[in-house]
Amino acid sequence: MQSFLVGGAVRDKLLEREVHDRDWVVVGETVDSMLAAGFTQVGSDFPVFLHPKSKEEYALARTERKSGKGYTGFVVNSNPNVTLEEDLERRDLTINAMALDQNQQLFDPFNGQKDLDNRVLRHVSPAFAEDPLRVLRVARFAARYHQYGFQIAPETALLMKQMVAQGELDHLVPERVWKETSRALLENDPDIFFETLRACGALKVWFPELDILWGIPNPVQWHPEIDSGIHTMMVIQQAAKLTDNLAIRYAALVHDLGKGLTDPAQWPSHREHEELGVAPIRALSERLKVPNDCKELAIMTSEYHTHVHRALELRPATILKVLNQCDAWRKPERFKDLLTTCTADAKGRAGLEDRDYPQANFMWEAFEAANAVAVKSIIEAGAVGKNIKLRLNEKRIHAIRDFKQRYTGK
Ligand code: ATP
Ligand code: MG
């Protein structure tokens with residue numbers, strides 16, 4: 001059987017990156033001959049099989065021709081005459097269109113190796129324009145390989161722009177957009193994904209609430225970078241340095257959407273952007289079907305990030321209010337994630353990337369002090385009904401006050 005290692009595995013091997021999954025293409029076979037050889041068929045859109053031992057994916061070489069709008073309208077041809085080159089030609093980028101045979105011989109009809117060496121993301125053929133998902137894929141690869149110096153080829157960038165201008169991105173389904181976005185958020189340089197989408201106009205299509213942040217100013221004393229869009233990109237850079245947690249990275253991305261709804265007459269001030277952010281975060285999250293944990297942390301960050309930044313100036317009763325409203329008691333991990341997101345927000349400012357952010361620890365220790373108050377002792381002291389809650393709040397405020405005195409030495 002003629003089988004070739006293809007796609008990401010070849011690319012990442014040549015880049016000396018860890019290879020996660022290995023995809024194979026088989027030439028000259030049919031569904032029947034594959035089944036006879038002990039492979040099991042998976043996937044219904046085109047013939048893909050699992051190897052009887054390795055369980056790796058083997059696909060019959062195929063061509064694809066666009067037959068309608070959007071992502072699904074393709075006519076697939078996988079007859080045994082389809083060549084390896086034809087199969088590689090239907091792929092998105094030249095660096096993804098190389099194959100290795102059993103003797104480790106590289107088959108590279110579209111000069112993927114050269115583009116890999118020159119750090120270029122370039123489309124294989126004009127058929128690239130037939131699948132709008134490829135715009136998101138290129139943006140995601142740009143985010144992943146930015147660390148090696150990859151750039152998008154000018155002709156590919158132009159094609160992406162044209163696809164967006166022709167409304168092709170409208171045909172994507174939310175699930176695919178979120179899948180690419182969530183993967184991109186977890187890449188090394190997630191900001192590059194959003195910058196790439198912005199450059200081709202796709203950000204406006206699927207993330208309009210985010211797109212409008214560019215051009216909205218902030219007070220220079222808090223934000224040397226001034227621009228809200230640039231600030232947002234800096235915040236996800238910082239979040240990416242701090243954590244691999246998807247919810248935190250998403251919350252970092254959308255924490256300032258409220259600044260798109262403040263009164264321009266009041267700029268660069270953004271009073272109440274914390275509350276104003278809730279609606280656009282909901283709208284974006286619901287449009288993309290973002291998981292609840294991401295959405296909830298994002299909304300909480302919008303509402304409370306200014307409180308956390310001012311943690312050391314807050315009255316103990318206000319600190320308790322924040323803890324209550326965030327339900328830190330039942331969801332301490334989520335509260336910790338809020339504090340990490342706030343840390344990214346504080347550091348995501350030009351020239352302030354290395355600043356200290358004691359507010360996060362301060363809030364966490366205030367929480368621990370308040371959480372150490374035992375409800376049992378309140379009940380044992382004779383409180384009943386509503387009074388239990390009242391006494392608990394009082395005692396927690398005392399605990400926070402004591403902690404604060406110890407912390408500040410005052
Ligand atoms: P990753 O490391 O993210 O898995 P990958 O390149 O392996 O990257 P896959 O989604 O696993 O990406 O797809 C395997 C290969 O199939 C790609 O390398 C590419 O050649 C091709 N491919 C996948 N999706 C598309 C698409 N939408 N359009 C064109 N080619 C695609
Ligand atoms: Mg892959």
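One-based numbering, in listed order, for ligands and for the atoms of each.
Ser228 and Trp214 are not linked by any side-chain donor-acceptor pair at a separation below 3.5 angstrom, with hydrogens and angles left out of the test.
Per-residue contacts place Arg90 under 4.0 angstrom from the following atoms of ligand 1 (heavy atoms of the residue considered): 29 (C). For ligand 1, the atoms closer than 4.0 angstrom to any heavy atom of Phe141 are 6 (O), 8 (O). Shown in contact with Arg183 at under 4.0 Å from a heavy atom are these atoms of ligand 1, numbered in order with element: 1 (P), 3 (O), 4 (O). Ligand 1 places these atoms under 4.0 Å from at least one heavy atom of Gly7: 18 (O). Interface atoms of ligand 1 facing Asp23, defined by a heavy-atom separation under 4.0 Å, are 11 (O), 14 (C). Short contacts between ligand 1 and Arg140, defined as distances under 4.0 Å to a heavy atom of the residue, involve ligand atoms 3 (O).
Note that the CG atom of Leu320 and the CG atom of Leu314 stand 11.5 Å from one another [nearest 0.5 Å].
For Phe74 and Phe46, the gap between ring centers reaches or exceeds 6.0 Å.
In this structure, Arg140 forms no cation-pi arrangement with Phe193, as its terminal cationic atom is not both closer than 6.0 Å to the ring centre and no more than 45° off the ring axis.
No salt bridge links Asp117 with Lys114; every basic N to acidic carboxylate O contact stays at or beyond 4.0 Å.
Just one of Val308, Asp337, Val235 meets the side chain to side chain contact (heavy atoms under 4.5 Å, CB included) condition when paired with Cys342; it is Val308.
When the heavy-atom distances from atom 13 (O) of ligand 1 to Arg91, Arg137, Arg176 are ranked, the shortest goes to Arg137. Remark: among candidates Arg22, His20, Arg144, His123, the nearest residue to atom 2 (O) of ligand 1 is Arg144, based on non-hydrogen atoms.
At least one side-chain heavy atom of Ile236 sits under 4.5 Å from a side-chain heavy atom of Met233.
At a 4.0 Å heavy-atom cut-off, ligand 1 touches Asp131 through the side chain alone.
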